[in-house]
Participant: 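Before anything else, here's the structure in question.
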Protein chains: 2
Amino acid sequence: MDEKVAAKADQVGIASPRRSPAQQRSRERVERMLAAASALIAEQGSDAMRMGEVAEKAGVSIGSLYQFFPDKRAIVWALAERYTAEGQACISAALKEVEDAEGFKSAFSELVDIYYQLFLAEPVIRDVWSGTQADKALRALELADSRANAEFLVAVLKRLRPDADPVQLETTAFLVWQMGEAAVRLAISVDREEGDRLVEAYKRMALRELVGE
Amino acid sequence: MDEKVAAKADQVGIASPRRSPAQQRSRERVERMLAAASALIAEQGSDAMRMGEVAEKAGVSIGSLYQFFPDKRAIVWALAERYTAEGQACISAALKEVEDAEGFKSAFSELVDIYYQLFLAEPVIRDVWSGTQADKALRALELADSRANAEFLVAVLKRLRPDADPVQLETTAFLVWQMGEAAVRLAISVDREEGDRLVEAYKRMALRELVGE
DNA sequence: TTCAAAATGTGATAAATCCTCACATTTGCA
DNA sequence: TGCAAATGTGAGGATTTATCACATTTTGAA
């Protein structure tokens, strides 16, 4: 499992850690490092996060930090990787049981709300995903995540609209999903009232596109 | 004019330059600095751009650079500020003469294509706008720019659909514009064929939302 | 023209930060 | 037990941003 993650990280331009934690002791320490990083990011943002602070807060030396994370970006990437995994599980579960268009509409709407609330409430998630445009590795992770999530949509839509063109469906789902991320990011950047309006407008637009009028 | 820009920069969290270029000589040097920065960003990205390199390429000392730009981000911000100004002029011009729904559709479609081509062809623009999620000053600039551009859309749409709810129109236009940026960014991140499909899908979706079926 | 004040120009260097590396300690296991 | 692998450490090398005291050029009023 750790090897899988390392391999995936390699593909998107993150150097693999020199070591994967093999012993219980180091696994716990890596957890403490990630927790410390998470706390610091929540406080000041990942840009202001200092490797020395992470090490100190985790109660390890700076050398230990670099034993498992090749560089600063890798820490943020590791956090992002976890969020995508959690997110995909959540989305897959929410869409799996959908049977008809009405069910899809309410499931989709609920997913968007969850996403919106998550970004409103969690500074770490907000910060980690904000690096997504500038950092190539994060960008690749986000694209892969978006594609995976779009696939969940496509799987449901193929059942609901068996006549639809599959390629068209893929394109639309991918686009709609990315736009959802954009919409949520926009919504949390403005005041709450306007943000709510924007999210509702996005839902309407997305559903119209995905399941028609 | 320079004071205006400085004031605007202040509002979004960019410290004002200690000095605005007042003499012809320094104005030319500032241009050289921006040109050098632009070239370096095109080569390696703004993250890899080094202040020393910018100074050297511009033929000025590092001290002169900091005379007019308080920090590294300010250089990128200054470039971004120019692109938004140019973009707004272009958009305003394209929409000003629209008379009916058909005219709007073709003008909008053309604008999206221009935007897409610009991002495909110009590494500097691509890079500068990619910092938009992480850098607060850039984010604020982009939001203000998006609002301004959405206003151009609203102005036209009010003429085409005098019965529509103004608040709804504002929300939709703002959202659709931001989504267009997201769509273009997505399109340039994938292979050309899929990118073209995504942009076309966006156009269809946006136009359906803005002017109906 | 003169000359003082403002504007501009310079680059060594202070300060901050990332990351490495040589060496120490702990753990797993034959 | 004893050795190899895994893990732990933190001083210091390497980079890079940004400052500042001082030099030079331009402007404009007398």
Participant: If the condition is side chain to side chain donor-acceptor pair (under 3.5 Å), which residues does A/Glu43 pass it with, not counting sequence neighbours?
Facilitator: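 Only A/Lys57 meet the side chain to side chain donor-acceptor pair (under 3.5 Å) criterion with A/Glu43.
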
Participant: Sequence neighbours excluded, which residues qualify as side chain to side chain donor-acceptor pair (under 3.5 Å) partners of A/Asp113?
Facilitator: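 Side chain to side chain donor-acceptor pair (under 3.5 Å) list for A/Asp113, sorted by chain: A/Lys203.
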
Participant: Could I get the full list of side chain to side chain donor-acceptor pair (under 3.5 Å) partners for B/Ser146, not counting sequence neighbours?
Facilitator: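 With neighbours one apart ignored, the set is B/Gln178.
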
Participant: Apply salt bridge (charged side-chain N to carboxylate O under 4.0 Å, His left out) to A/Glu53 and list each qualifying residue two or more places apart in sequence or on a separate chain.
Facilitator: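 Partners of A/Glu53 by the salt bridge (charged side-chain N to carboxylate O under 4.0 Å, His left out) criterion come out as none, since no residue qualifies.
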
Participant: With the threshold set at under 4.0 Å for non-hydrogen atoms, list the residues of residues 40-55 of chain A touching DNA chain C in residue-number order.
Facilitator: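 Within residues 40-55 of chain A, the residues near DNA chain C are A/Met49, A/Arg50, A/Met51.
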
Participant: Set out, line by line, the N/O atom pairs under 3.5 Å between protein and nucleotides 6-12 of chain D.
Facilitator:
unit_1	atom_1	unit_2	atom_2	d
D/dT7	OP1	A/Ala22	N	2.6
D/dT7	OP1	A/Gln23	N	2.9
D/dT7	OP1	A/Ser26	OG	2.8
D/dG8	OP1	A/Arg29	NE	2.7
D/dG8	OP1	A/Arg29	NH1	3.0
D/dG8	OP2	A/Arg29	NH1	3.4
D/dG8	O5'	A/Arg29	NH1	3.3
D/dG8	N7	A/Gln67	NE2	3.3
D/dT9	OP2	A/Arg29	NH2	3.0
D/dT9	OP2	A/Ser61	N	3.1
D/dT9	OP2	A/Ser61	OG	3.4
D/dT9	OP2	A/Ser64	OG	3.2
D/dG10	N7	A/Gly63	N	3.3

Participant: Please report, rounded to the nearest Å, how far the P atom of C/dC18 is from the CD atom of A/Glu56.
Facilitator: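 Spelled out: CD on A/Glu56 to P on C/dC18 is 13 Å.
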
Participant: Check residues 119-126 of chain A and write down every donor-acceptor pair under 3.5 Å in which the side-chain atom is one partner and the other belongs to a residue at least two apart or another chain.
Facilitator:
unit_1	atom_1	unit_2	atom_2	d
A/Arg126	NH1	A/Phe119	O	2.9
A/Arg126	NH1	A/Leu120	O	3.1

Participant: So, using side chain to side chain donor-acceptor pair (under 3.5 Å) as the criterion, who are the partners of B/Arg139 when residues are at least two apart?
Facilitator: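 For B/Arg139 the side chain to side chain donor-acceptor pair (under 3.5 Å) partners, ignoring immediate neighbours, are A/Ser189, B/Glu142.
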
Participant: Taking atom types as modelled, is there a side-chain donor on A/Glu81 or A/Trp77 under 3.5 Å from an acceptor on the other?
Facilitator: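 A/Trp77 and A/Glu81 do not have a side-chain donor-acceptor pair below 3.5 Å.
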
Participant: Taking salt bridge (charged side-chain N to carboxylate O under 4.0 Å, His left out) as the definition, give me every residue that meets it alongside B/Glu31, ordered by chain and number, with sequence neighbours left out.
Facilitator: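 Only B/Arg82 meet the salt bridge (charged side-chain N to carboxylate O under 4.0 Å, His left out) criterion with B/Glu31.
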
Participant: Please determine if a side-chain N or O atom of B/Tyr66 lies less than 4.0 Å away from the OP1 or OP2 oxygen of D/dA18.
Facilitator: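 Yes.
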
